[in-house]
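Note sheet for the following structure.
Everything numeric here is computed off the predicted structure, so don't read it as measured data.
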Amino acid sequence: MKTLTPALITGILMVGTLTGCQTTPSVNAPMAQPITNNILQAYNWQLVDAKRSNGQRISQLFFNPAKPLTLNFYKARGADRVTFVNTCNNISAEYDIVNGDVALNNVMSTLMACPEPQASFDTATMALVQGTYSLGKNANNIPVLTIRTNDQVANFRGVAK
């Protein structure tokens, strides 16, 4: 059996220490990119995660996993519009991109008396979509649209139209 010299042991320890100091970027952190109409309108944006600032999941937005909240951006009669799909009421708005953020204008909704849990789903949707938008891609190169408000954050994955 061979013996290890003090110099070899020191070298092995140094390599192990240096390797342990390396940092790896988070696989969940989306890489930021500018928001454009072309990107927004190329995808249907399906909700995959929504949490309050305390880390609690916003359960009202996930009552029916088969029909996730989906944002559909499109152009109609010369205006940029977004429709919130799978809500009980039909909810849509015109939008502009202002200083790299999505600004909703003239949000419209039908006024059906929706039963629970659909009524809470609609209310939670309206509270969420009024936030600050950012766009990126995750580690798998899938587009991610993030909306943040003062007390919640939601991530939507892009599904090509």
Side-chain angles (χ1 to χ4, degrees), residues 22-161:
Q22 293 176 352
T23 58
T24 306
S26 170
V27 295
N28 295 324
M31 297 174 288
Q33 65 185 72
I35 293 178
T36 66
N37 281 323
N38 288 341
I39 293 172
L40 289 177
Q41 294 176 11
Y43 298 93
N44 285 317
W45 300 94
Q46 291 183 343
L47 182 67
V48 293
D49 187 42
K51 293 182 180 172
R52 290 184 172 79
S53 57
N54 65 5
Q56 180 184 15
R57 189 172 198 200
I58 304 171
S59 59
Q60 295 88 343
L61 292 170
F62 297 96
F63 81 94
N64 185 352
K67 294 184 176 184
L69 174 60
T70 302
L71 282 57
N72 178 14
F73 293 87
Y74 60 98
K75 187 172 283 296
R77 287 178 250 134
D80 294 312
R81 299 198 53 80
V82 60
T83 297
F84 308 106
V85 181
N86 294 326
T87 53
C88 177
N89 282 287
N90 295 320
I91 306 171
S92 66
E94 289 186 6
Y95 76 91
D96 294 309
I97 297 174
V98 179
N99 298 323
D101 190 19
V102 175
L104 300 180
N105 307 309
N106 303 321
V107 178
M108 297 181 291
S109 174
T110 57
L111 298 175
M112 295 188 297
C114 301
E116 287 299 334
Q118 291 92 341
S120 293
F121 181 79
D122 285 10
T123 301
T125 296
M126 290 303 295
L128 176 68
V129 299
Q130 301 293 334
T132 302
Y133 290 62
S134 61
L135 189 60
K137 290 189 177 184
N138 67 15
N140 296 323
N141 209 30
I142 296 172
V144 176
L145 180 65
T146 300
I147 305 175
R148 293 180 189 278
T149 68
N150 289 336
D151 60 347
Q152 57 192 6
V153 62
N155 292 303
F156 295 79
R157 72 179 165 98
V159 177
K161 290 183 180 180

With distance as the sole criterion, is a donor-acceptor pair present between the side chains of [X] and [Y] under 3.5 Å?
X      : Y     : result
Thr87  : Asn89 : no
Asp151 : Ser53 : no
Gln41  : Asp80 : yes

Can you tell me how far [atom2] of [Y] sits from [atom1] of [X], rounded to the nearest 0.5 angstrom?
X      : Y      : atom1 : atom2 : result
Phe156 : Asn44  : CZ    : CG    : 12.0 Å
Asn90  : Thr110 : CG    : OG1   : 4.5 Å
Thr132 : Asp101 : OG1   : CG    : 5.0 Å
Lys51  : Gln152 : NZ    : CD    : 13.5 Å
Arg81  : Asn105 : CZ    : CG    : 10.0 Å
Arg148 : Ser134 : CZ    : OG    : 6.0 Å

Heavy-atom distance under 4.5 Å between the side chains of [X] and [Y], does that happen here?
X      : Y      : answer
Ile97  : Leu40  : yes
Cys114 : Asp122 : yes
Gln60  : Thr123 : no
Phe73  : Ile39  : no
Leu71  : Ile147 : yes
Asn86  : Asn64  : no
Trp45  : Leu135 : yes
Gln130 : Thr149 : no

Legend entry - salt bridge (Lys or Arg N to Asp or Glu O under 4.0 Å) against Lys161, all qualifying residues, sequence neighbours excluded: none
Nearest heavy-atom neighbours spanning [X] and [Y]:
X      : Y      : value
Leu69  : Phe121 : CB-CZ, 3.7 Å
Phe63  : Pro117 : CD1-CG, 3.3 Å
Asn37  : Tyr95  : OD1-OH, 2.7 Å
Pro143 : Lys137 : CA-CG, 4.1 Å
Ile91  : Val107 : CG2-CG1, 4.1 Å
Ile35  : Gly100 : CD1-O, 3.5 Å

Inset, instruction - Take Tyr133 and Leu104 through the test side-chain contact (heavy atoms from CB on, under 4.5 Å) and record every step on the way to the result. - result: CA-CA 11 Å; Tyr133 290 62; Leu104 300 180; 4.0 Å; yes
Legend entry - Heavy atoms of other groups near Arg52 CZ, more than 12 under 6.0 Å: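 Above 12, so yes.
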Inset, instruction - Count the heavy atoms of every other residue, nucleotide or ligand shown that sit under 6.0 Å from CG of Asn54, and state whether that count exceeds 12. - result: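 Atom CG in Asn54 is crowded, with more than 12 foreign heavy atoms closer than 6.0 Å.
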